[in-house]
2 protein chains.
Amino acid sequence: MRKVTVYDVAELAGVSIATVSFAFTRPDKVKAQTLRSVMEAADQLGYVPSGSARGLARGRTGAIGIYSYDYLLDPDEDKPATDTETPVPDGRLFPLYADEVQRGVQIECRRRGYALMLGGNRASDHLPHVIEVAGRVDGLIAFAGALTDNARRQVTARIPVVELGGLERDDARTVLVDNESGMHDLTLHLVEQHHHRRFAYVGELGTEEFKARRRGFERALGTHGITAPEIVPAHAGDDASTLRAVAEILARPERPEAIVCDTDQSALAAIVALRAAGLRVPDDVAVTGFDGILAGRIAAPVLTTVRQPMEQIGRAAVEILSRTLDGQDAVAPAPVLTCEVFVGSSCGTH
Amino acid sequence: MRKVTVYDVAELAGVSIATVSFAFTRPDKVKAQTLRSVMEAADQLGYVPSGSARGLARGRTGAIGIYSYDYLLDPDEDKPATDTETPVPDGRLFPLYADEVQRGVQIECRRRGYALMLGGNRASDHLPHVIEVAGRVDGLIAFAGALTDNARRQVTARIPVVELGGLERDDARTVLVDNESGMHDLTLHLVEQHHHRRFAYVGELGTEEFKARRRGFERALGTHGITAPEIVPAHAGDDASTLRAVAEILARPERPEAIVCDTDQSALAAIVALRAAGLRVPDDVAVTGFDGILAGRIAAPVLTTVRQPMEQIGRAAVEILSRTLDGQDAVAPAPVLTCEVFVGSSCGTH
DNA sequence: CGGAGAAATCTAAGCGCTTAGATTCTGCGA
DNA sequence: TCGCAGAATCTAAGCGCTTAGATTTCTCCG
């Protein structure tokens, strides 16, 4: 099955390859009759233009890449999806933050006519994985934390990058989401509505968005003269770390009234851990999350959290990239997307 | 930001471009010292190999494409996701069949080192949408029904295609799932456990998998000497069609004891329609679905259905494609994946 | 120390498109 | 009928890689 090329089409249609190319890309430049005979020849031969050749000749591929965390894909290759060690909701069953953002990216790419490229070759010996992706696309959307400094430097030297959840830099844009206000408002709710004063905070400071959440937490407590507790380290992609964090908290002399987690995934795992320890949520301990993923919405108790506009984040990222690719980089900066406190029942029955 | 090419790297490293290429693709063929200086030069310049050039020169892109239904993406662009006309679970909130299959595809692509390409340019004036995708990848996974006959012909002439839910043909492979047995067993459950005898069947015969489900339904009823009812037409991607189907069924003189739907999406919509008509599920009417999507699992009542191994389907599709691309086409045919009846509470409290 | 064979590197020819710029057609007014 | 502008088409030069096959450099042994 030798591949059909412009040459074959040109020959059958009795024109030059340039005309074939024009017929597909600028049909108005070609006489109607010529156009028709080219199209007929193409159809008859089953011509499919080579994306590689196009990309090379045009200098752009028309595709956008998305570089996400690895832990969503086969964290443990040989472990069947259902065989979880803990009854924490399975990330492969419920869409997580990155999945919902990705959906937004997908929608907006489709709308704007970009192809979307996910992942790529495993890191080869000498090329980091993300480079493989970067070489195939016109722009890249990456989750902060998924990119090392070195990789970012290398990629941004070639194509525009939007880094979700990071700082706005001169080489990488980001979609601005007001994480700080979200966490601030949530914390205020806990203090003012539920009159909690003894808190624990489970999370990390890995990227800018996590730092902002922590700031919001501290600010809200500060307003009420409460000293913010230290961060008990846990990572969203690693339920075990949350279980450990909760164990550590429970080992303390005084049990907190509320455990504030910086992601829903952590919060859901925390609830599991608390239950395992014989505690009731929210009666004995209140728990809150951050993100607004589906699993939290349908959990029992329904998770109180801060909902991020995930689909919008994805769409905005594509929009920024698209503008940059069209050379309108200096246009109005991306507006700040807001998050919103969602009061479920895990924070206590008011 | 002129793009850094092999030429730049070669010059800085003091070697030919061939050596640069070798350094990246077959490092064992290059002297250690040369390798090092090439890598240093590449790193210093921020070299990112062009995927287009690679693809063109190698004759393959290393990417696999997935072509799915459109209705998942922005069916109604300007309608916010939450503003549903009916309270049918929103397909943008819960992952659907295609989403779960896609996840499997994603996982297996990653595992095997393929990049995954989603969608692509909107259909341009003269190129059908799928052709745009086909030109960029080494193989294509398509949902049956998403591909017209003409498009399939054209695409299969260039690259191997796995068509999910279709017939095995000489030009397109498929992943075999035993839909017939699944629906057969489910129907048997309704007859033998719940003693239902009056059925309605809501669905379609659009692709081979739907036909197989219908066959399973008829066969099970036949065993018990029950005549299968006509199909009341409804399409999974179109809740309104299910609502109409249910209305039609309820308008009949005799109400069925059970409504068998050929997808979960239909079944969930049917439940909504029945409730709207003042009927209780399953007390007044039993309802069953097919697929095993998340929304059905967490619905109230929990949907009785046939669970397809969706992730596995996606993975198997990639595996088949991968084998074909490696020229091992004639190797053992794909095993038949089985589905499994999942008894929830929508079929009656036995 | 010379030379053979292996290893390392290089030269050069594509891969299948796009697109300036050159060339050929067309239709129309004088 | 001729000349010419504008439309249609063509020629040819890349785009940035890979990879046969040629060439040069090493390595090792007689």
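Since the structure is predicted, the reported quantities are computational estimates derived from the model, not experimental observations. Sequence lines set the chain letters: A, B, ... in the order given, protein chains first and strands last, and positions in each chain run from 1. When reading the values below, keep in mind they use all heavy atoms of this one structure, side chains included, and skip hydrogens, waters and symmetry mates.
Within the nucleic acid shown, B/S21 comes within 4.0 Å of at least one base atom, counting heavy atoms only. A/S52 comes within 4.0 angstrom of no nucleic acid atom, judged by non-hydrogen atoms across all strands. Here B/V20 lies out of heavy-atom contact (under 4.0 Å) with every strand.
Between B/R60 atom CZ and D/dT18 atom C1' the separation is 10 Å, expressed in whole Å. Atom CG in A/D138 sits roughly 15 Å away from atom C1' in D/dG16 (whole-Å rounding). For B/K29 and C/dC10, the NZ to C1' distance is 16 Å, given to the nearest whole Å. Nucleotide D/dG16 holds its P atom 15 Å from the CZ atom of A/R58, rounded to whole Å. As rounded to whole Å, 10 Å separates atom P of D/dC17 from atom NZ of B/K3. In this structure, the CD atom of B/Q33 is 15 Å from the C1' atom of C/dA7, given to the nearest Å. For the pair A/E11 CD and D/dC10 P, the interatomic distance rounds to 13 Å; values are reported in whole Å. The interatomic distance linking A/F24 (CZ) with C/dG16 (P) rounds to 16 Å, in whole Å.
Among the nucleotides D/dC10, C/dG16, D/dG16, the one closest to the side chain of A/A18 is D/dC10. Listed nucleotides: D/dT11, C/dC17, D/dT9. Nearest to the side chain of A/K31: D/dT9. Looking at the side chain of A/F22, the nearest of the listed nucleotides D/dC17, C/dC10, D/dT9 is D/dT9.
Between the side chain of A/Y7 and the base of C/dC17 there is at least one donor-acceptor pair of N/O atoms closer than 3.5 Å.
In this structure, A/R54 reaches the C/dT18 phosphate: one of its side-chain N or O atoms is under 4.0 Å from OP1 or OP2. Taking only side-chain nitrogens and oxygens, A/T34 comes nearer than 4.0 Å to OP1 or OP2 of D/dT9. For A/S16 and D/dC10, the shortest distance from a side-chain N or O to OP1 or OP2 is below 4.0 Å. Residue A/Y47 places at least one side-chain N or O closer than 4.0 Å to OP1 or OP2 of C/dC17. Distances shown here put a side-chain N or O of A/T19 below 4.0 Å from the OP1 or OP2 atom of D/dC10.
Toward the 5' end of DNA chain C, the nearer of the two residues B/A53 and B/I17, judged by each one's closest nucleotide, is B/I17. Taking for each of A/A32 and B/A57 the nucleotide of DNA chain D with the nearest heavy atom, the 5'-most of the two is the partner of A/A32.
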Open item on the list: Apply salt bridge (charged side-chain N to carboxylate O under 4.0 Å, His left out) to residues A/E100 and A/R103 and explain how you reach the verdict.
Closed with: CA-CA 5 Å; A/E100 302 205 18; A/R103 163 155 294 248; over 6 Å; no
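Within 6.0 Å of atom CD in A/E208, more than 12 heavy atoms from other residues, nucleotides or ligands are found, so the atom counts as buried in its surroundings.
Taking a cutoff of 4.0 Å between a charged side-chain nitrogen and a carboxylate oxygen, A/E319 and A/R323 qualify as a salt bridge.
With hydrogens and angles disregarded, a donor-acceptor distance shorter than 3.5 Å links the side chain of A/Q154 to the backbone of B/Y47. Side-chain atoms of A/S21 do not come within 3.5 Å of backbone N or O of A/I17 as any donor-acceptor pair. Here the side chain of A/T61 pairs a donor or acceptor atom with the backbone of A/R136 at under 3.5 angstrom.
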